[in-house]
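Worksheet: the structure to be examined is printed underneath.
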Amino acid sequence: MDINNLYNEWLEKATADPDLKKELESISSNEEEILDRFYRSLEFGTAGLRGVIGAGTNRMNYYTVCRATQGLADFLNKHFENPSIAIGYDSRIKSDYFSIEAAKTLAANNIKVYIYKELEPTPCLSFAIRHFKTSSGIILTASHNPAKYNGYKCYNQNGYQMTDEEAEETYGFIQKVDYFTGIKSMDFDKAVENELIEYMGDEVIDLFLSEVKKQCVNPGICEKAGLKVIYTPLNGTGNKPVRKILEQIGVKDVYVVPEQEMPDGNFPTCPFPNPEIKQAFECALKMAEEIKPDLLLATDPDCDRVGIAVATDDGEYTLMSGNEVGAMLLNYLLSQKKEQGVLSSDSIAVKSFVSTDLAEVIAKKYNCTFKNLLTGFKYIGELITKLESQGKADDFVMGFEESYGYLAGTHARDKDAVVASMLICEMAAYYKTLGKSLAQVMDEIYDEFGYYFSDVESYTFEGASGMEKMADIMNGLRENVPSEFGGFTVTKIDDYKTSVSTTVSNGAKEPITLPKSNVLAYTLTDGNKVIVRPSGTEPKIKAYITAVGKSRDEAAKIADKLIDDANRLMK
């Protein structure tokens with residue numbers, strides 16, 4: 001079917017949501033807009049679906065969401081005798097609507113649904129899957145993307161996002177579903193009456209928070225420290241659970257940014273609700289001028305990522321990177337566990353392989369086993385599940401990704417900004433009792449282990465031509481192999497797509513045992529690195545830069561040179 005026929009079919013049949021017909025009518029004479037909505041169908045992968053909200057096969061709407069849900073239902077009914085599923089949603093536009101419609105489709109397929117009665121963080125969905133022992137889970141969220149996006153993440157029975165094999169098989173079922181005739185549904189109230197849909201009570205969140213609280217390593221320290229915190233949930237799901245857990249551990253002086261306190265999928269004061277960028281902290285920083293807190297805390301809309309800004313010696317506030325927070329948290333947890341005599345001889349920490357190597361150096365000091373895994377928190381979730389099956393779950397110290405995702409504990413199998421917010425505040429309180437700020441602690445870590453400067457450059461390629469451009473860039477890097485970046489020679493190339501690691505000096509090749517992924521990693525002289533990978537959830541290629549120097553300034557200058565060469569290759 002050509003694009004104009006698709007457009008006309010949707011114009012006629014897409015009646016489930018009146019917003020769709022209005023949108024389609026408004027673009028009737030705009031071929032470019034029609035093309036962008038219909039040139040492809042949103043693909044279902046390990047990250048589920050993600051796209052702009054609107055009408056068409058390339059948009060997030062009732063039909064694309066429920067078509068995916070119907071395919072998921074077919075997958076679950078094939079593999080489970082009495083399948084069940086947990087559903088959560090965030091503050092994004094239509095997230096609540098999509099969650100209800102997905103529940104109706106699942107119920108029509110005789111799948112028991114447990115659904116949160118209000119918006120909750122993504123890690124709460126992971127927790128619910130494990131608590132109710134469901135076959136799968138769905139959360140409606142687009143994480144930290146701009147307001148025009150929404151998404152549909154799918155989890156397996158272990159509480160982490162689907163594996164490649166599971167997602168591929170589910171996508172096969174989805175492709176068999178007709179948008180207008182293949183989706184089953186039933187009345188929501190009738191499904192509740194028939195016990196096919198059940199709302200989760202407050203006790204589930206209370207159980208989640210009790211598991212989070214168990215990760216404290218210095219209970220009571222916050223009450224002694226008099227920590228002062230400004231917190232922003234960025235109009236998302238963190239508002240209630242983060243504030244509750246901070247109150248429970250004794251952080252009494254918490255000031256919430258009023259403009260960003262309540263759920264609002266339009267994100268009026270932060271067009272990019274991403275704690276990785278300074279703009280997300282602008283309102284909090286303005287408040288800080290008067291309040292003078294020790295710490296600024298920001299969680300993204302689905303509360304699986306957290307970013308911080310910390311007070312410096314000159315009275316200003318500086319944003320800390322995800323790598324810095326990950327390394328500092330790991331150092332705090334390991335040092336405290338060792339001091340208290342509870343650090344296991346089999347302790348293990350883990351990070352994504354694009355995250356800072358500083359963490360691995362810190363772990364070595366404490367004789368903690370360290371693992372590098374592919375990007376994607378599901379791989380950390382898989383590792384925890386394996387440890388649990390071996391009776392070694394308590395050996396897990398923490399896992400993190402440079403993109404501001406952290407997890408301590410095994411209550412969830414996804415990154416958790418609730419437990420991370422709690423531990424960051426506890427860590428800040430502990431060091432405050434010693435007369436140190438987190439900025440000073442980070443400087444001490446650099447002084448001891450060396451300056452590891454990390455940066456991530458993102459290159460966006462929108463529209464129908466963007467995907468082709470991204471593929472061309474990755475193919476070009478494989479065909480025309482760079483010999484150096486920023487004046488530093490490439491000594492090793494790890495191609496995770498071909499699973500081959502090549503030593504440049506002698507051409508020796510070794511297998512890479514991690515799962516295949518479209519990633520190229522360049523090891524350079526003097527410990528520097530450049531890693532290039534297309535995003536799994538956005539139309540972007542990302543370049544991860546690691547620069548190692550004897551001082552902060554030297555490392556930053558090296559990073560600038562590496563970035564310049566990365567920029568050149570992305571044109």
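Numbers for residues simply follow the sequence, beginning at 1.
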Looking at [Y] and [X], is any side-chain nitrogen of the basic one under 4.0 Å from a carboxylate oxygen of the acidic one?
{"X": "Asp202", "Y": "Lys117", "answer": "yes"}
{"X": "Glu101", "Y": "Lys104", "answer": "yes"}
{"X": "Arg478", "Y": "Asp495", "answer": "yes"}
{"X": "Lys112", "Y": "Glu195", "answer": "no"}
{"X": "Glu120", "Y": "Lys240", "answer": "no"}
{"X": "Glu388", "Y": "Arg413", "answer": "yes"}
{"X": "Arg305", "Y": "Glu276", "answer": "yes"}
{"X": "Asp164", "Y": "Lys516", "answer": "no"}

Polar side-chain atom of [X] near backbone of [Y] as donor-acceptor pair, under 3.5 Å:
{"X": "Ser347", "Y": "Leu343", "value": "no"}
{"X": "Glu426", "Y": "Val217", "value": "yes"}
{"X": "Ser355", "Y": "Glu402", "value": "yes"}
{"X": "Glu166", "Y": "Thr163", "value": "yes"}
{"X": "Arg59", "Y": "Leu42", "value": "no"}
{"X": "Thr232", "Y": "Ala298", "value": "no"}
{"X": "Ser501", "Y": "Ile512", "value": "no"}
{"X": "Asn274", "Y": "Ile277", "value": "no"}
{"X": "Tyr406", "Y": "Gly322", "value": "yes"}
{"X": "Glu401", "Y": "Phe353", "value": "no"}

Next on the checklist: Would Phe208 and Asp416 count as a side-chain contact (heavy atoms from CB on, under 4.5 Å) here? Give the steps.
Outcome noted: CA-CA 11 Å; Phe208 169 81; Asp416 179 5; 3.5 Å; yes
Checklist entry - Yes or no on salt bridge (charged side-chain N to carboxylate O under 4.0 Å, His left out) for Lys378 and Asp414, after CA distance, side-chain angles and deciding distance? => result CA-CA 7 Å; Lys378 66 177 179 179; Asp414 207 344; over 6 Å; no
Item to check | side chain to side chain donor-acceptor pair (under 3.5 Å) between His79 and Glu169, worked out | outcome: CA-CA 11 Å; His79 290 282; Glu169 186 177 353; 2.8 Å; yes
Side-chain heavy atoms of [X] within contact of [Y], under 4.5 Å:
{"X": "Thr134", "Y": "Gln157", "value": "no"}
{"X": "Asp300", "Y": "Pro273", "value": "no"}
{"X": "Tyr199", "Y": "Ile115", "value": "yes"}
{"X": "Ile362", "Y": "Phe449", "value": "yes"}

Item to check | Spacing of Thr385 atom OG1 and Ile380 atom CD1 [to the nearest 0.5 Å] | outcome: 12.0 Å
Parallel, tilted or perpendicular: rings of [Y] and [X] (30°, 60°):
{"X": "Phe75", "Y": "Phe173", "result": "perpendicular"}
{"X": "Phe132", "Y": "Tyr114", "result": "parallel"}
{"X": "Phe44", "Y": "Tyr152", "result": "perpendicular"}

Item to check | Over all atoms of both residues, closest heavy-atom pair of Ile183 and Tyr63 | outcome: CD1-O, 3.8 Å
Checklist entry - Looking just at side-chain N and O atoms, do Thr299 and Tyr231 make a donor-acceptor pair shorter than 3.5 Å? => result yes
Checklist entry - Any chance the rings of Tyr160 and Tyr155 have centres within less than 6.0 Å? => result no
Checklist entry - For Lys529 and Thr523, what are the C-alpha separation, side-chain angles and deciding distance, and is it a side chain to side chain donor-acceptor pair (under 3.5 Å)? => result CA-CA 5 Å; Lys529 282 186 178 179; Thr523 300; 5.0 Å; no
Checklist entry - Passes side chain to side chain donor-acceptor pair (under 3.5 Å), Lys351 versus Asn372? Steps please. => result CA-CA 5 Å; Lys351 69 176 180 68; Asn372 286 285; 2.5 Å; yes
